Amino acid sequence: MQPIVFMTGYYGSGKTEIVLELAIRDQYDMVIDLDIINPYFRSREAHRALAEAHIQLISSDHDQPTYADMPYVSGRMYAPFLETGVKAIYDLGGNDLGAKLLRQFEMFDQEIELLLVVNLFRPETSDTEKIIQLIHAIEGSSGRKVTGLINNTNLLKETTAEDILAGQVVLREVSHRMKLPIRFTVVERHVPVEGIAWDGDLLRLQLRLRKSWY
Amino acid sequence: MAKVLMKGNEAIALAALKGGIDAFFGYPITPQNEIPEYLSKHLLAAGKVFVQAESEVAAINMVYGAAGAGARVMTSSSSPGIALKQEGISYIAGAELPCVIVSVMRGGPGLGGIQPSQADYYQATRGGGNGDYQLIVYAPETIQETIDTLKESFDIADYYRNPVLILVDGLIGQMMESVDFDKPIRKRFIPEKDYATTGTDHHPGRNIVNSHYLNPDELEQHNLHLQKKYQQIKNNETKFEMINMEQPDYVIVAYGTMSRIARSAIEMLEEQGIHVGMIRPITLWPYPRAAFDQIPKSCKGILCAEMSMGQMLDDVLISDRGRHDVAFFGRVGGIVPEPEEIVDAILHFQERVVK
């Protein structure tokens, strides 16, 4: 894995929760919230959890939250490309539209990871063809190649291990056809995982932006 | 279609397609933009009509026109946008045309903010438009209930020839839930749209869509006719849920997101040995007044909980008719309260009683 990771995917596929979990688990230095599409549920809302883990958060909020959905980003988003040895994760907005922001990084020639989060239960990424179509759309708008897949197949509280395995079967086909590795399988902590062969690195997820009451 | 994971706004859009929408007219505003975004793709692909109008005022008047021509029409907006539509909504109700309006509430007044709120209760149930008219107002609490309600509301609007308003807050619009789009809805008899302006090939003589009655006798008759219809809606369509109502110590009244928070609070209070029930209005108009007759005398009081400053409280006071102490809990501005705050409000009930 390259030290600079961009997280992309269909909107509502779980990018932000995965960014937060991965950044905290693997001790990243920075999380950069580039979501200028969603008004709620953005990684900047987890500023406390990130601060506790000593992870720097960069978003379009300068020094305090604005609670706005303004289409601007902080110039500090370039920091990981200008300094050496910084481990950073960028949380992009959904779809090819959100991935368009990668064009802002065209002047840098460092290698990056562009990981595609997929949940088979999102109707727009429910089969191989739709996922490949989304990969093409994201590569077209971002000007970058997708470098890996993340299986985040889930129905929130109702998720079973069988659901995630069904997602794995489809992602293996995408992986084979697009020559892309499955980098992570994401499993929420309430789902038992013993004795199952997951593709890639197993990321146990604790939802951070979802309230206890829904 | 089995279970899928959907965002509230997206689910509203797909449910409209399942409910048989012919045309959508709207104007962007946060936090409901995913509704027009989704419909712009899928309505056009299905050979139906999608128009992003030049303003909310234009959009609601396009709804008026298309509903007059017999189409199944929807518009959606958020608080200040719904405020702009009020004149058109009154005209549509006056002309007795069916349509579906989705209001995804954000904080107010004025431009307010973009975080979730329930501060448009008055706007929905009392209306900002002129005249004696009513909307049928649904306030679902989950995305599943929103889908089921929306699918049915096109039929309800057609049956009564009246606008139906679906009132949710920004959180329901933006959150994700696993849902099923194929739950069956109640079959209703839908009369032929003999009022529609579809050309004289389709009906004898001219059809005129109108809310203008210069003659006071005629206008009074029209109003009496509307009131008769509203009474029928009250009799047939009032919907609510009662939870935990066996000898409750207290009763919470809450709708939408607030009722979900209250459900958690009720469980927490039960652990402390305090038995709390809930009346959850599903229709905000007609308001489920009769539900309050089932609160026993022994109940120590009613807590009205809102993400607004005491709007539904009026209906709670009217419905209880002075039989119990009524207290109020509200957060506003985009703040979504935690269940612990409701627990605290029940524990300190007397301090919150409305004088």
Side-chain angles (χ1 to χ4, degrees), chain A residues 9-17 35-42 44-45 61 65-71 93-98 117-127 130 133 137 152-160 162-164 166-167 186 188 207 209-214, chain B residues 1-11 14 28-34 37-38 41-42 78 104 106-107 112-116 141-143 169-181 257-268 333-342:
Chain A
Y10 189 72
Y11 77 79
S13 58
K15 292 178 293 298
T16 296
E17 295 282 8
D35 189 345
I36 53 168
I37 293 181
N38 271 317
Y40 309 167
F41 304 118
R42 298 177 291 193
R44 67 196 72 169
E45 288 174 32
D61 294 342
T66 57
Y67 304 103
D69 55 344
M70 299 296 286
N95 300 11
D96 46 322
L97 276 178
V117 178
V118 181
N119 178 357
L120 266 284
F121 287 108
R122 296 287 287 143
E124 311 284 332
T125 54
S126 57
D127 63 40
K130 287 179 177 173
Q133 221 171 33
N152 186 37
T153 299
N154 78 87
L155 277 172
L156 292 165
K157 284 178 207 160
E158 297 167 39
T159 315
T160 63
E162 289 71 37
D163 293 332
I164 305 171
V186 183
E188 233 195 296
L207 295 180
L209 298 181
R210 214 173 162 82
K211 301 269 191 190
S212 59
W213 50 265
Y214 60 79
Chain B
M1 200 167 167
K3 278 215 159 179
V4 288
L5 195 66
M6 292 285 262
K7 190 172 185 167
N9 283 336
E10 237 182 358
L14 180 53
I29 183 170
T30 305
Q32 62 82 53
N33 285 327
E34 295 83 359
E37 187 191 4
Y38 190 98
K41 261 187 237 161
H42 294 83
S78 176
V104 184
R106 58 188 243 182
I114 61 170
Q115 300 298 318
E141 68 165 351
T142 61
I143 299 179
D169 64 75
L171 192 61
I172 296 177
Q174 293 294 327
M175 69 195 284
M176 313 268 308
E177 265 175 24
S178 69
V179 290
D180 177 358
F181 280 87
T257 289
M258 199 52 143
S259 62
R260 294 180 70 167
I261 302 167
R263 281 177 196 272
S264 284
I266 287 169
E267 282 174 25
M268 292 159 86
I335 306 280
V336 179
E338 296 294 332
E340 289 80 2
E341 296 176 59
I342 313 247

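Note that the coordinates shown come from a computational prediction; the quantities given were computed from them, not determined experimentally.
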Q: Rounded to the nearest 0.5 Å, what's the gap from OG on A:S13 to CE on B:M176? Could you check?
A: 8.0 Å
(Q) I want to check something: taking the side chain as every heavy atom from C-beta on, are B:V336 and A:W213 in contact at a cut-off of under 4.5 Å? (A) yes
Q) Relative to chain A, which segment of B:E141 carries a heavy atom at a distance below 4.5 Å: side chain, backbone, both, or neither? A) neither
Q: Examine whether an atom of A:N38 lies under 4.5 Å from a heavy atom of chain B, and if so say whether it belongs to the side chain, the backbone or both; otherwise answer neither.
A: side chain
**Q.** Region of A:Y214 that comes under 4.5 Å of a non-hydrogen atom in chain B
**A.** both
Q: Name the member of A:K157, A:K211, A:E124, A:E158 that forms the most heavy-atom pairs with chain B at distances under 4.5 Å.
A: A:E158
Q. Where is the tightest heavy-atom contact between B:V4 and A:L155, given as atom of each residue plus distance?
A. C-CD2, 3.9 Å
Q: Report yes if some heavy atom in the side chain of B:E34 is under 4.5 Å from a heavy atom in the side chain of A:Y11; otherwise report no.
A: yes
Q. What residues, two or more places apart in sequence or in another chain, satisfy side chain to side chain donor-acceptor pair (under 3.5 Å) together with A:E45?
A. none
Q | Minimum heavy-atom distance between A:P123 and B:L5, given as atom pair plus value | A | CD-O, 3.7 Å
Q | Salt bridge present between B:E10 and A:R122 (N-O < 4.0 angstrom) | A | yes
(Q) Applying side-chain contact (heavy atoms from CB on, under 4.5 Å) to A:F121 and B:K3, what does each step give before you reach the verdict? (A) CA-CA 7 Å; A:F121 287 108; B:K3 278 215 159 179; 5.5 Å; no
Q | Which portion of B:T257 sits near chain A, non-hydrogen atoms under 4.5 angstrom | A | both
**Q.** Set of side chain to side chain donor-acceptor pair (under 3.5 Å) partners for A:N152, sequence neighbours left out
**A.** none
Q: Indicate yes or no: at least one non-hydrogen side-chain atom of B:M175 is less than 4.5 angstrom from one of A:Y40.
A: no
Q. What residue in B:E267, B:E338, B:Q115, B:E177 has the most heavy-atom pairs under 4.5 Å with chain A?
A. B:Q115
